[in-house]
2 protein chains.
Amino acid sequence: MNQEKITINDIARLAGVSKRTVSRVINQSPKVGEQTKIKVEKIIEQYNYVPDKQARGLASSRSYLLGLVYDNPDALYIDDIQRGILEFCSQKGYELVVHPCRYKSPDLNNNVVNFVRRSKLDGIVLLPPASEVDSLADVLDQNSIPYVRLVSGFSEASENFVMSNDRHAAAEMAKYITSLNHQKIAMITGPLNYRSSRERFEGFSNTMQEMGQPLAADLVVEGTNQYESGIEQGRHLLTLENRPTAIFANNDEMASGVIKAAHDLGIKIPDELSVCGFDDNLLASRIIPALTTIKRPVREMAKFAANKLIAKIEGGNPQAISQNCVVHPEIVIRESAGSANKV
Amino acid sequence: MNQEKITINDIARLAGVSKRTVSRVINQSPKVGEQTKIKVEKIIEQYNYVPDKQARGLASSRSYLLGLVYDNPDALYIDDIQRGILEFCSQKGYELVVHPCRYKSPDLNNNVVNFVRRSKLDGIVLLPPASEVDSLADVLDQNSIPYVRLVSGFSEASENFVMSNDRHAAAEMAKYITSLNHQKIAMITGPLNYRSSRERFEGFSNTMQEMGQPLAADLVVEGTNQYESGIEQGRHLLTLENRPTAIFANNDEMASGVIKAAHDLGIKIPDELSVCGFDDNLLASRIIPALTTIKRPVREMAKFAANKLIAKIEGGNPQAISQNCVVHPEIVIRESAGSANKV
DNA sequence: TTAAGCTGTGTTAGCGTTAGCAACTAACAA
DNA sequence: TTGTTAGTTGCTAACGCTAACACAGCTTAA
């Protein structure tokens with residue numbers, strides 16, 4: 001367990017080759033004789049040798065460190081992403097350095113660039129909403145820092161993106177709610193300067209329209225994605241003269257707020273009101289009644305991101321770099337939505 | 001923004017001193033003339049020079065990287081801890097590398113040691129329950145890897161610990177519930193092989209006894225800390241012939257389960273049953289009725305841990321190293337617990 | 001036969017720091 | 001004056017690795 005530190009020189013000596021050759025083996029250079037390679041690998045294995053990351057980095061100006069930049073209140077999402085990235089990158093020899101930030105800060109770009117500079121990170125993964133800041137991406141490009149952005153959407157040039165087709169999922173939700181025979185359907189959107197909010201809103205709204213049931217203007221309100229906002233907008237909608245029988249909220253936090261508001265007003269869910277959310281976070285399954293919502297394949301997104309980022313860093317595998325990574329969230333049916341006929 | 005990389009040599013040349021002197025200034029060596037120091041600092045400032053971490057690390061066998069090792073399902077807790085540590089350590093020039101693990105794995109010790117070795121981490125923070133594994137701590141000691149353990153407790157030698165006095169908090173909870181005039185009080189403990197579970201249980205149980213209302217043996221059951229376990233044990237307790245009027249669960253997840261069970265059985269909370277949890281995680285405030293629970297000052301713990309770890313790494317500040325860091329969780333009163341008189 | 005091309009391998013100069021050792025300076029005592 | 005000392009400062013060898021370059025040995029084409 002507590003072996004002395006053994007270096008590339010030791011391996012070279014032990015294997016009877018030069019350290020250049022050992023280096024070649026480590027870095028999987030093709031120009032090594034088959035037997036030499038096997039011999040060296042055997043010694044490496046035997047002595048449990050692991051190349052020193054710092055020395056490697058100093059010489060090759062690489063750090064084998066990836067950064068995760070985020071400003072997202074949903075800790076569960078973050079945690080899932082972290083695990084997803086790590087699953088992939090640790091087996092490739094990379095580690096993950098975390099960096100929460102304030103995405104609204106005017107200093108964001110500098111902050112992130114300095115973060116990368118400070119530890120010579122090889123690349124970073126950007127989570128929403130920080131991933132939606134184009135100026136950040138520009139600055140990263142200018143500094144030739146490899147990065148991948150996780151965003152809601154499905155159409156852009158895919159090189160630096162991993163996308164979640166929230167629009168499609170929201171459309172599915174529109175169909176689902178309609179299939180429950182609801183007539184008066186409301187939506188609480190997220191802040192419409194967020195891409196994800198727009199995608200979800202448009203997916204939902206357009207589909208309702210296509211199905212011949214366009215959303216009434218007074219039944220679409222904008223929230224902040226926070227619980228309190230859900231309560232507030234929920235209360236507003238539910239005290240309308242002709243209140244909706246179904247409310248689709250931009251995320252689970254706000255959906256919980258709606259449920260709270262309904263509860264306070266004595267409105268029964270799902271008998272008198274159906275509520276649906278988006279995210280499938282911890283709350284969704286714990287709340288009573290359990291929330292019908294939409295689940296994103298977060299782990300999968302994280303793996304896509306890690307794969308793409310490492311491909312960019314290591315230069316090889318051009319198809320992994322340009323691969324179009326779009327992921328499809330799906331409806332999770334629980335108890336908070338029911339047929340409108342019961343009313 | 002996109003300046004050429006500038007090194008210690010440039011600074012030395014610009015300042016008209018040797019790089020040895022610049023190095024002294026950077027590392028705050030006392031043996032530098034006051035004017036020289038000022039001169040060099042000015043140049044450093046002017047050129048926005050930041051020493052290269054890898055080169056530094058190679059030369060001094062330091063990495064300026066801290067590790068966070070955890071196997072905790074509570075993502076909110078993790079997130080809070082991460083932010084707390086970062087707040088402190090980034091201003092000291094350290095970054096945080098995350099490492100989820102399986103604390104039950106027989107390979108845990110090796111896994112963690114290799115994690116540290118791989119990136120030459122300067123030290124690690126251990127979160128419960130991994131922090132409770134003594135053999136891990138031993139191995140870390142053997143490999144002289146600096147570490148700090150976050151645990152529930154308050155009495156041990158404090159050098160490697162940051163402690164949360166869960167026992168005291170649970171005692172407070174006992175007093176609070178008793179003050180509500182409950183007679184039949186139950187507790188769902190966590191797995192009793194966890195230190196935190198024992199602390200909470202003993203704090204609660206002992207205090208009840210001291211107040212002349214010892215817990216009935218059949219009203220103490222052991223859960224797994226998971227939601228499903230809360231449902232199961234909650235159902236069990238609530239279908240007892242002489243069911244309790246108050247249930248204290250080892251954590252919020254299980255408390256939510258109890259609420260679910262009560263709901264399914266048509267038992268009104270808090271009128272017919274009071275439920276209390278521990279953690280104050282996201283659920284606690286979102287659930288209906290909102291959960292009366294206990295909140296740990298997580299950020300504070302994280303800062304203590306970072307401070308202690310860095311003090312250990314840098315060798316200085318012996319009082320920070322030996323400082324007894326005990327933190328006191330506090331009751332958060334919400335809606336899930338009420339007076340027993342109403343029944 | 002010879003030149004040219006490939007392969008596989010070794011030699012070695014960095015990469016940007018730290019830190020051991022030596023050396024310089026000024027001041028002060030002898 | 002000379003020696004001693006304390007306070008500063010410089011020189012330079014690591015740290016462990018990568019990669020440019022060189023070169024030997026062998027194949028292939030002319």
Side-chain angles (χ1 to χ4, degrees), chain A residues 3-41 43-44 47-65 93 117-122 313-315, chain B residues 3-41 43-44 47-65 93-94 117-120 122 313-315:
Chain A
Q3 63 240 318
E4 282 307 305
K5 181 156 34 182
I6 122 158
T7 77
I8 197 173
N9 292 304
D10 302 317
I11 298 295
R13 188 167 30 75
L14 260 10
V17 299
S18 77
K19 71 190 211 183
R20 179 68 185 97
T21 298
V22 177
S23 173
R24 284 194 183 93
V25 172
I26 293 170
N27 294 291
Q28 314 194 44
S29 158
K31 355 182 104 183
V32 186
E34 194 56 31
Q35 310 147 56
T36 322
K37 184 177 162 190
I38 291 172
K39 182 170 58 180
V40 172
E41 277 173 344
I43 301 281
I44 288 180
Y47 287 82
N48 194 21
Y49 163 73
V50 180
D52 183 301
K53 276 202 176 114
Q54 294 175 316
R56 252 184 137 179
L58 223 212
S60 63
S61 62
R62 292 269 306 278
S63 65
Y64 298 89
L65 255 26
R117 274 268 220 312
R118 231 174 15 236
S119 299
K120 294 235 284 282
L121 303 180
D122 289 341
I313 291 167
E314 301 190 340
Chain B
Q3 65 241 319
E4 283 308 303
K5 182 158 30 183
I6 122 159
T7 76
I8 198 175
N9 293 303
D10 302 317
I11 299 295
R13 188 165 32 74
L14 260 11
V17 299
S18 77
K19 70 190 212 182
R20 179 71 182 91
T21 298
V22 176
S23 174
R24 283 195 184 92
V25 172
I26 293 168
N27 294 291
Q28 314 194 45
S29 156
K31 357 182 105 179
V32 187
E34 192 58 32
Q35 308 146 56
T36 321
K37 184 178 163 189
I38 291 173
K39 184 171 56 179
V40 172
E41 278 173 345
I43 301 282
I44 289 180
Y47 286 83
N48 192 22
Y49 162 72
V50 179
D52 182 300
K53 275 199 177 118
Q54 293 175 315
R56 256 184 134 177
L58 222 213
S60 63
S61 64
R62 294 266 307 277
S63 66
Y64 297 89
L65 254 27
Y94 290 80
R117 272 268 221 317
R118 228 167 26 228
S119 300
K120 293 234 286 282
D122 289 342
I313 291 166
E314 300 190 339

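Values in this document were obtained by computation on a predicted structure and should not be read as measured data.
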Using heavy atoms to find the nearest nucleotide of DNA chain C for B:Leu58 and B:Arg24 separately, return the residue whose nucleotide is more 5′. B:Leu58
Pairwise 5' ranking along DNA chain C for B:Ser60 and A:Lys19, keeping only the more 5' one: A:Lys19
Measure [atom1]/[X] against [atom2]/[N] and give the value in whole Å, please.
X: B:Arg56; N: D:dC17; atom1: CZ; atom2: C1'; value: 20 Å
X: A:Glu34; N: C:dG8; atom1: CD; atom2: P; value: 9 Å
X: A:Gln54; N: D:dT18; atom1: CD; atom2: P; value: 14 Å
X: A:Ile26; N: D:dG16; atom1: CD1; atom2: P; value: 13 Å
X: A:Arg13; N: D:dG16; atom1: CZ; atom2: C1'; value: 14 Å
X: B:Arg62; N: D:dG16; atom1: CZ; atom2: P; value: 17 Å
X: A:Tyr64; N: D:dC17; atom1: OH; atom2: P; value: 11 Å
X: B:Asn9; N: C:dC15; atom1: CG; atom2: P; value: 9 Å

Give, for atom [atom1] of [X] and atom [atom2] of [Y], the distance between the pair rounded to the nearest 0.5 Å.
X: A:Asn27; Y: A:Arg56; atom1: CG; atom2: CZ; answer: 5.0 Å
X: B:Gln54; Y: B:Tyr64; atom1: CD; atom2: OH; answer: 13.0 Å
X: B:Ile26; Y: B:Ile11; atom1: CD1; atom2: CD1; answer: 8.0 Å

Just call it for B:Arg20: base, sugar-phosphate, or nothing, with non-hydrogen atoms closer than 4.0 Å on any strand. base
Indicate, with a heavy-atom threshold strictly under 4.0 Å, whether B:Thr36 touches base, sugar-phosphate, or nothing. sugar-phosphate
Phosphate OP1/OP2 of D:dC17: any A:Ser23 side-chain N/O under 4.0 Å: no
Does OP1 or OP2 of D:dG10 have a side-chain N or O of B:Ser18 closer than 4.0 Å? yes
Please report the C-alpha distance between B:Asp122 and B:Tyr94 in whole Å, then the side-chain angles of each, then the deciding distance to 0.1 Å, and finally whether the side chain to side chain contact (heavy atoms under 4.5 Å, CB included) criterion is met. CA-CA 9 Å; B:Asp122 289 342; B:Tyr94 290 80; 3.6 Å; yes
With a 6.0 Å cut-off (strictly less than), is the heavy-atom count around NZ of B:Lys37, excluding the residue itself, greater than 12? no
Between B:Ala55 and B:Gly16, name the one whose nearest nucleotide on DNA chain D is closer to the 5' end. B:Gly16
Regarding the side chain of B:Thr21, the nearest nucleotide among C:dT11, D:dG10, D:dC17 is D:dG10
